[in-house]
Chemist: 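I'd like to ask some things about the structure below.
Source: prediction; values computed, not measured.
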There are 2 protein chains.
Amino acid sequence: MRSAISCTLVPVCGLVTDIGRPRLVDGSSAGCACPSSQRRACDPAADPATDESSGYNGRVATPVVDLNALRRGCAHCSLQQLCLPAGIGVEGLQQLDSIVRRRRPIARGESLFRMGDRLEAVYVARDGAFKTVSISENGEERVVGFHLPGELIGLDALGADIHRCDAVALTVANVCEVPFDQLADIAAQVPGLQHRLLRVIGRSVGRDQDHLDMLARRQASERIALFLHGMSERFRHIGQPDSQFRLPMSREDIARFLGLALETVSRGFTRLQDDGVIAVDGRRVAILDRAELDRLAHHPELPEPRNRLHG
Amino acid sequence: MRSAISCTLVPVCGLVTDIGRPRLVDGSSAGCACPSSQRRACDPAADPATDESSGYNGRVATPVVDLNALRRGCAHCSLQQLCLPAGIGVEGLQQLDSIVRRRRPIARGESLFRMGDRLEAVYVARDGAFKTVSISENGEERVVGFHLPGELIGLDALGADIHRCDAVALTVANVCEVPFDQLADIAAQVPGLQHRLLRVIGRSVGRDQDHLDMLARRQASERIALFLHGMSERFRHIGQPDSQFRLPMSREDIARFLGLALETVSRGFTRLQDDGVIAVDGRRVAILDRAELDRLAHHPELPEPRNRLHG
DNA sequence: CGTAAGTTTGACCGGTGTCAACGGTCGTGG
DNA sequence: CCACGACCGTTGACACCGGTCAAACTTACG
């Protein structure tokens with residue numbers, strides 16, 4: 001039964017892949033889930049020596065064109081279409097690229113920023129996943145959101161210049177760090193970028209509203225179905241298989257995201273499995289009956305067709 | 001009896017009313033909750049004739065300086081410090097002012113935009129209150145947010161250029177309508193405005209996160225306490241009394257905002273009243289014990305001090 | 001004055017939080 | 001190699017909060 005879900009994620013390649021057409025650039029790209037362009041562009045860890053020598057951020061000091069630096073740049077990033085660069089010209093791309101810092105891999109559990117920090121930069125994961133959490137006065141952790149590659153992290157500080165959450169890596173991850181002041185400056189100069197920035201912010205607002213929608217659903221089963229539905233959509237959006245994937249977060253994180261007890265989440269998963277809607281093995285999830293999943297997420301009032309496989 | 005609450009919602013003064021002491025409306029600005037500047041700047045309805053003659057939006061066609069138009073302008077609006085104009089120079093202010101349209105009063109129940117509409121403008125209420133609601137597939141209404149004066153409405157469309165919600169007036173209201181494309185253009189030119197726009201958006205994001213926080217709280221009593229706490233803060237923020245106010249929304253709206261049944265909201269209110277924390281009369285609320293309200297909102301785990309007044 | 005809408009209150013029971021125990025996986029170290 | 005413990009996920013039992021249905025009451029408004 002276990003073998004049904006063999007999809008494991010290679011940690012390094014993380015969540016990202018190329019969307020649509022894998023571009024061959026370098027002979028051998030075939031075997032890995034990550035397209036070669038990704039490997040080249042987004043994985044500083046692949047060539048640690050070079051990275052070390054060029055300093056903390058990914059840019060080289062020399063005016064000489066560094067092939068590796070170029071390859072790591074926005075122009076070649078597989079996330080380009082999902083990220084800030086989308087739709088801005090070469091000029092703007094260069095300007096943007098010049099301020100982007102590419103940080104060495106973030107360890108699982110490490111924080112990009114913490115509650116109370118001043119807003120210095122916004123972040124985009126190239127691969128890996130993050131959660132943003134806010135700790136309430138009584139010490140309870142509340143998951144505000146999950147962030148997959150291409151989704152901006154750090155916008156919570158936009159209102160008051162102070163971060164309202166911690167941003168914690170759920171897996172090892174590589175991120176681009178974009179100093180916010182400089183981003184705002186460039187956005188004013190490059191009209192397309194301003195528009196793009198607003199759009200990315202807007203998508204983030206949209207996700208928050210989806211989250212609200214989820215929490216307002218009264219039944220636990222609805223929230224869980226909606227959560228899986230949303231994750232599937234987001235995986236598809238970044239070019240990952242949307243029918244079987246590995247959730248980067250624990251049951252507890254999901255519970256704190258959905259406002260439920262973790263036992264309830266666990267029970268919800270098994271229930272969906274019993275009903276033949278999904279297959280679950282720990283964090284690995286396969287969606288078997290998408291239509292039914294959508295129905296549960298959106299039209300829960302209808303009595304479910306009772307053809308349980310084993311009851 | 002009508003006269004007792006006449007400052008009330010007279011459309012103009014918006015949300016606010018007082019609970020305790022009846023105020024005379026006429027003559028004495030001293031007594032009214034609305035600051036005089038507000039009355040001057042924000043009340044097109046006060047002089048309907050002039051308003052009609054100057055056309056649909058508040059601007060006059062003639063180059064001659066129209067005192068009324070000026071008074072209605074951003075420069076004199078009492079909301080200035082809360083709204084987009086804050087912190088931008090005279091130049092920018094004029095540019096911004098030139099694109100702002102001031103719409104005639106919106107009737108209660110009327111919509112600024114509907115789900116599926118293209119993003120054309122963002123709105124700011126000068127007075128009155130709005131809710132944004134999203135209708136789910138099964139026809140259920142879900143309250144995404146409430147909007148008091150100075151809070152931008154319409155940002156939900158930022159992500160996809162399509163509105164995700166309806167924006168419905170809870171009371172008669174006056175709004176400024178800001179064509180979004182032009183706003184973005186000007187924002188690129190006026191650096192202060194771009195910053196300001198991002199900040200206003202950020203505050204909106206912050207409110208969404210507060211909302212999330214509310215929904216994630218498990219106990220109904222916590223959500224209700226948090227809701228009242230937040231409303232009180234927001235009233236204070238716009239210069240209204242924060243210890244007694246009139247809620248612009250129904251119990252049902254609150255319930256749909258908090259993800260509860262309306263009966264539960266009602267029971268929660270009476271419970272708070274029984275405990276001496278607030279006084280409730282329909283939509284009129286007075287906060288009697290703020291410390292206790294805050295405690296309930298933030299530290300619900302502690303057993304409440306049981307010195308009930310009656311019970 | 002009559003109708004509709006909004007609010008409150010009561011009774012009932014189902015869903016879900018809580019507590020508890022068990023099992024599986026992974027990493028560490030003997 | 002296995003032993004061990006930490007962490008994570010699953011499952012069961014049970015009590016209680018809150019959703020649902022129902023009815024009375026007040027307020028708003030024509």
Chemist: So which pairs with a foot in residues 226-235 of chain A pass side chain to side chain donor-acceptor pair (under 3.5 Å), sequence neighbours left out?
Modeler: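 Qualifying pairs, neighbours excluded: A/Glu151-A/Arg234, A/His229-A/Asp294, A/Ser232-A/Arg290.
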Chemist: Rounded to the Å, how far apart are B/Arg284 CZ and D/dA28 C1'?
Modeler: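 Taking atom C1' of D/dA28 as the reference, CZ of B/Arg284 is at 12 Å.
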Chemist: Across nucleotides 4-9 of chain C, 5' to 3', mark each nucleotide with B, S or - according to how protein heavy atoms within less than 4.0 Å reach it.
Modeler: ---SBB
Chemist: Do A/Tyr123 and A/Ile106 come close enough that some side-chain heavy atom pair is under 4.5 Å?
Modeler: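 Heavy-atom side-chain distance check fails, nothing below 4.5 Å.
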Chemist: Round to the nearest Å and state the distance from B/Leu215 atom CG to C/dT16 atom C1'.
Modeler: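 It is 17 Å, rounded to the nearest whole Å.
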Chemist: With a 4.0 Å cut-off, would you call B/Arg295 and B/Asp289 a salt bridge?
Modeler: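 The answer is no: the pair does not qualify as a salt bridge.
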Chemist: With sequence neighbours left out, what residues match A/Arg256 under salt bridge (charged side-chain N to carboxylate O under 4.0 Å, His left out)?
Modeler: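 With neighbours one apart ignored, the set is A/Glu252.
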Chemist: In this structure, how many angstroms lie between the P atom of D/dG19 and the CZ atom of A/Arg217, rounded?
Modeler: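 To the nearest whole Å, that distance equals 16 Å.
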Chemist: Find the bend of the helix from C/dC1-D/dG30 to C/dG30-D/dC1 as the angle between its two terminal axes (five pairs each), to the nearest 10°.
Modeler: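 Angle reported: 40°, given to the nearest ten degrees.
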Chemist: Listed by chain and number, what are the side chain to side chain donor-acceptor pair (under 3.5 Å) partners of A/Asp117, not counting sequence neighbours?
Modeler: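 In terms of side chain to side chain donor-acceptor pair (under 3.5 Å), with neighbours along the sequence ignored, A/Asp117 is linked to no residue.
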Chemist: Just wondering, do B/Val172 and B/Pro105 contact through their side chains at under 4.5 Å, heavy atoms?
Modeler: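 Of all side-chain heavy-atom pairs linking B/Val172 with B/Pro105, none is under 4.5 Å.
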Chemist: Taking salt bridge (charged side-chain N to carboxylate O under 4.0 Å, His left out) as the definition, give me every residue that meets it alongside A/Glu141, ordered by chain and number, with sequence neighbours left out.
Modeler: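 If we apply the salt bridge (charged side-chain N to carboxylate O under 4.0 Å, His left out) test to A/Glu141, skipping adjacent residues, the hits are A/Lys131.
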Chemist: A side-chain contact here means heavy atoms from C-beta on lying under 4.5 Å apart; do A/Val144 and A/Asp156 qualify?
Modeler: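 A side-chain contact under 4.5 Å is absent here.
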Chemist: Separation of A/Arg256 atom CZ from D/dG9 atom C1', in whole Å?
Modeler: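 To the nearest whole Å, that distance equals 15 Å.
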Chemist: Could you tell me how far apart B/Gln219 (CD) and D/dG19 (C1') are, to the nearest whole angstrom?
Modeler: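 Result: 15 Å.
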Chemist: Specify the separation, in whole Å, of atom CZ of A/Arg271 and atom C1' of D/dT11.
Modeler: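 It is 15 Å, rounded to the nearest whole Å.
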